[in-house]
Every structure is written in C-alpha cells, then in structure tokens.
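All remarks here apply to the structure that follows.
Only this structure's heavy atoms are used, side chains among them; waters, hydrogens and symmetry mates stay out. Just so we're on the same page: letters track the sequence lines, and every chain starts at 1.
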Amino acid sequence: MIRLEKRPSPSRLWTLTTPILAVIATMIVGGIMFWAMGKDPFETIRTIFWDPLFDETFGPYSRPQLLVKAGPLILIAIGLSLGFRAGIWNIGAEGQYIMGAIVGAGVGLAFYPTESVFLFPAMVIAGAFGGWAWAMIPGVLKVKFGTNEILVSLMLVYVAESILASMAQGLLRNPEGMGFPGSRNFARDFPAASNLEVISGTGMHWGVVAAFIAVIFGYVLLSRHMLGFQVRLTGEAPRAARFSGVKPTRLILFCLGTSGALAGMAGLFEVSGPAGQISIDFGSGYGFTAIIVAFLGRLHPVGILLAGLLMALTYIGGELAQLMLGLPAAAIQLFQGMLLFFLLAMDILSNYRIRLTKKGAV
Amino acid sequence: MDFLSILQIFDSGTRLATPLLFACLAGLFSERAGIFDIGLEAKILVSAFLAAAVATQTGSVWLGLIAGVSASVVFSGIHGLASITFRGNQLISGVALNFLASGLTVLIGQAWFGLGGRTPGLKPAERFLPLELPFAESLSGVPVFGPIYKELISGHTLLVYVGLLMVPLSWFILYRTRFGLRLRAVGENPAAVDTAGISVVKLRYSSMLIAGILCGLAGVYLSTGLGAGFGKEMSAGRGYIALAALIFAKWRPWYALGATFLFGLLEAIANRYQNIDLGGFIVPVQFMQALPYILTVIILAGFIGSAIPPRAGGQPYVKER
C-alpha cells in the first residue's frame, strides 16, 4: 500500500525540482491537447517557448516584450510572497494593482500639462499609496475584527474593477477624447508622466527596474533582516513566533501593506507605460497570474524572478502562437492553470515522503 | 415607479438570482465540509459551456444538462483530488481551476464551433423554456394577486423552481439528517469525526460531489435558461458573487436564498436603470454593480452580526499516526 509520511521539513531537493517537473508535465499535457486539436504538438510548444526568444524574425520584437510582461508580474509576486510565507493570503493583488493605477494616474492627470521632472516620481509614490491603502482595508479589518483577509481582498478586486469602469467613463475621462471612455494617453500626449524605457529597445522601463530592486529587497529582507526572519518564523511555526515576541498585528499590516504598495506601483508603471491610459479593460489579470508566479518561484525572490520571466514567456509565446498557428489567446490561461495544478499536485513530493508498505503492516 | 415595473424588476431579479442560488448552495455544502471553494466560477463556466455545446449538437436540452453537470462534477473532483487527497492549498487549487476553465472553454469552443469561443445560438428545443403555471392567464384579472402570480411566480424556467426547491432540501439534509450532521462536523472538527470512526475523506468527497452537481445546474441555467447559448466568460464573476452571498448568508441555506435574491435584485436594478437619481444625487451604475461586494465586506467585518466561517475551512485533514 502506498502511504504518505509527512516530512519534518520540506525536502530541499524536491522543492527545487518540482517547478521544473511541473513545467515539463504542462508541456507534455499541453502538447497532447494541441495534438488532439489537430495541431503539431512539437511546433506549438516550440512556438510558445522557443521562438519568442530565438527565432530570427520574431526574436528582436519579442525579447523586449519579455521584460515588459515580466516586470509587473515579478513586482506583484515579490509582495505576495512575503504574505504567503507568513500565512497571510492576499489574493486581491489585482484590485490593488488597479487602484494603484487609478490613484497614480489621477495625480499625473491633475497636473496636465506640466513638464516637471518631479511628476513621474510623485505618480509612483501615489500609485504605491493607492495600492497600499486598498490593501489596508483587509489588513485593518483583519487586525481589528479578525476578518478573513482572503475573502475581503478578493471581494475588493471587483469593487476596484467597478471603480475603474466608473473612472474611465467619468472623472478621469479624456476631455479631448470626444466622449470615448478612457483617460488621456500618457505615452502619446503626456511625456512628463509617461513611463519611458530606460534603455531604449530593450523593454526595460522603470517598472522593470523597480521589479529588480524588489527582488534584491525581498532577498535581503528574508535572509538578512529581523523582520524577514519573523515573517518566515510566523509561517513555519506560528506558536513559536508568538512566544518569541513577534507582534502578529504589525506583521499582518506589514505584509499586506508591502504587497499592496508593490502591486499599486506595478499598476502605475503599467498604466503610464505599456497600457498607456486608464481604460475599462485595464485590469488584465496580472494580479492573479502573480499568484502563480509566486508559487512557481517557491516564494523565494530569485525563484520568483525566474518564474516571472517564464510566465512572461508564455504570454508572448501565446501571442505568437495566436498569430502563427491560429491558437486562441485563451490557450495561455489554460497553460497557466495547468502549470499551477501540476505544481500543487507535485508539492506532495516535497512535503511528504512516499512509503510503500505491505498491506496490514500499518 | 408603478406596480407593474416593480413586479418586473422582482421577476428579473428572481431569474438573475437563480444561478447565484445554485452556486451559493454548492459553496455551502463544500465550505460546510471544510473545503474552501474559490473555483465556483470555474465550475459554472465549464458547465455553461458544455451544456450549450451538447444541447446544440444533439438538439436536446436534457443531454446538455447531463453534460454540463458532469463537467462541473469533474472539476469538483479535481478540486477534491488536489485539496483532499493531495492536501494541497485549497485557495491555489481554486485559482488554478478558474484559469483552467476560462482557457479550456474558449479553446474547445473555438476548435469545435469556430465562433471565437461562442456556441451557436440555441433553438427553443435546445433550451429550458419558461413554464406557464396553471391559471396564470385566467387569474391575471384578479387585483394585486393576479399580476403577482402571472408576472412574478409564473413564467420561469423549470430550473428556477428546482433552485427554490433546493433551499429547503439543503436545509433538511444539513440539519435533519445524520449525513448533514456529520458534514457540518467535518467542517468544524474533522479529528472528532475521525475519532468516531467516520471517514473524513469520504464525507469531504461527497460534499464535493454535491457542490459539483449544484454548480453544474447554475451553469446549465445560465446558458440554456437565462441565455440562449454560451459566450466567452459568460459566468462574469457570478461564482464570486455567490461566494459573497454565502458569507452574507453566514453559511446557512435559508439566508442564502435571501442573500442571492438581494444580489439578483441589485443586478436587475443595475440592468434596468443606468444611473439612479436619488434626490439630485446620481448613483452611478458601477456602484450598484459593486454593492454586493461592498455589502459582503461589511458583513465580513462583523458590523451586522458576525459571520464566522466553519472552523476547519481551508485546512487539509491529516490523520494522526
């Protein structure tokens, strides 16, 4: 009989290999699926995972896109991973992302058409504040009333989406937009407030820079700082953490606040750069995909960096497959969902030891 | 606003509340047994898709119903496998299901019908049609009661009435049967249930099965009763509203009826009036759309009585050795 035996602590080896196995399993099952749909599985997988980077015609266009897509994912996922490690489940990053974009863009639009160099930094701070404030709602409710932060943060995503729709059609609508919903376009009409590429042609905009800084910040915090130690301790042994004097209130507010601020910043960088404007369909699901990124990266900053790049690759590869093979865009969501599932299922290997025992011996 | 238009709003509120009610009861069974279910949305979506697809292919709405419910049960089974057998994180499993469903429905829909993820519009035989209750026409002359009977009570599809029947049925199962008692116990204190010699795993899987069937009915109603065919992302967040309603109802069946009806009504009002003028103050339509979620947050925070989730919710059960 197969029996699962809990390991005293998760296996290091399996923790590192399961993400890779999950990616391989996703490719295999995905390939079978494409084959069933009458497409050449090898060609499809190559188009999604190989061509965006190394193909001679698409590569030069796709490679910069990799950073553009990975930036927000990594930025949000780093914030989420802090909370996830401490057992604080913020799954409403999408809402914080949207609110960050709205508040940051609002500050920018209020100063139209200034050319001040201080405007963009001010917008970044406002964006972070917007996300932080939105994350503080579940935070304060949890601290004050013991409310479940999972449900509140999730509900607030939909409130944020409604606010977004209302803003795009009302308060932040472009006065010169002939009544169409959507704000002024930062990238086109408002250079002082737009998120430009730091090195042109690489896709490396300020959000990507912020994402790299966040990775370093996350790494230092978790491995070298007292607060990071407390985060890890709370997640792994809540009782021990309480005895050693960790204040849960402070930790909850810190984790939710940081993840909210980072998500808000990601939203601002997106709205002032790649997206260009506040529009009804601005929320593109980065906040949810970042959950996959955080898990695939094993809640470790370096892992998240790699996972973010991989997830960005599936986005770009998906677009390419759409173009070249006529695959629907939704195929990528399917890929991402499968990936998360395989990861979840394989996690059992890192948390449990599989023992084969004779029947009756138990 | 005259009497008839109020009735019409209530009527459309009832129709919009039905998928929420099914999904909410599904969540009730699952969460009462200690399994968080963020994936309600996914189950509604796959069921809506398969129901419409099979109905249009076979010409029979009943086959569509069976297909839709089976799809939802399969998804429920996957969730169970991940969170009961593999002891994975239920939250993450639910999120993964949602990704899976929105990808799968469009992908298969495109490969099958080539309409960009839609199914062809359903003909009357391939749908659940409104049922005219007896005497609706002849009673319509009776003041007050007549119009209520004709507009509000009569003229819904079969599934609406089934949904309403599910409420007392769920109540009975949960509160008046041995199975229900055990189900509730397993969500509060699985170790105690295990000690009594009852299989926690079996109970939790049966709750997933019930949740799958109920969620399946929500999806079937959405694409073959409320609408006529499947459209991309047609569940439109209903799974989450149902989750909100479940909290609003504090995990109880009768309250679930009230909560889903309230949310259905809000949706009906938002559909009918774009912006509402309350004494010179314009309430934008987005506020009405956000209201269910805002109300839920307020309820969760405990401002109107406390909403306490089942205690063992979200934790996989590990038998002690």
What part of [X] gets within 4.5 angstrom of chain B, counting heavy atoms only: side chain, backbone, both, or neither?
| X | value |
| --- | --- |
| L164(A) | neither |
| F341(A) | both |
| I150(A) | side chain |
| L151(A) | both |
| E161(A) | neither |

I need the minimum non-hydrogen distance between L91(B) and W89(A), along with the two atoms involved.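 In this case the closest contact between L91(B) and W89(A) is CD2-CB, 3.8 Å.
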Shortest non-hydrogen contact between L100(B) and M338(A), atoms and distance: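 Here L100(B) and M338(A) meet closest at CD1-N, 3.4 Å.
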Most heavy-atom pairs under 4.5 angstrom with chain A, which of [options]?
| options | result |
| --- | --- |
| L107(B), L81(B), V95(B) | L107(B) |
| S93(B), A101(B), S83(B), A82(B) | S93(B) |
| V106(B), I92(B), L243(B) | I92(B) |

Nearest 0.5 Å, what's the [atom1]-[atom2] distance between [X] and [Y]?
| X | Y | atom1 | atom2 | result |
| --- | --- | --- | --- | --- |
| F99(B) | F335(A) | CZ | CZ | 14.5 Å |
| I108(B) | L334(A) | CD1 | CG | 8.0 Å |
| M155(A) | I241(B) | CE | CD1 | 9.0 Å |

Go through the atoms of F36(B) and report whether side chain, backbone, both or neither lie under 4.5 Å from a heavy atom of chain A.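 The answer is the side chain of F36(B).
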Largest heavy-atom contact set with chain B, pairs under 4.5 Å, which of I137(A), L343(A), V152(A):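 Ranked by contacts with chain B, first place is V152(A).
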Any idea which of I292(A), I291(A), I163(A) has the most non-hydrogen atom pairs under 4.5 angstrom with chain B?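 If we count pairs closer than 4.5 Å to chain B, I292(A) comes out on top.
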Counting only heavy atoms from other residues, nucleotides and ligands, does the tally under 6.0 Å from [atom1] of [X] exceed 12?
| X | atom1 | value |
| --- | --- | --- |
| M136(A) | CE | yes |
| F287(B) | CZ | no |
| F113(B) | CZ | yes |

If we only count heavy atoms from C-beta on, is the I294(B) to L156(A) side-chain gap below 4.5 Å?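 The answer is no, as the side chains (C-beta and beyond) never meet within the 4.5 Å cut-off.
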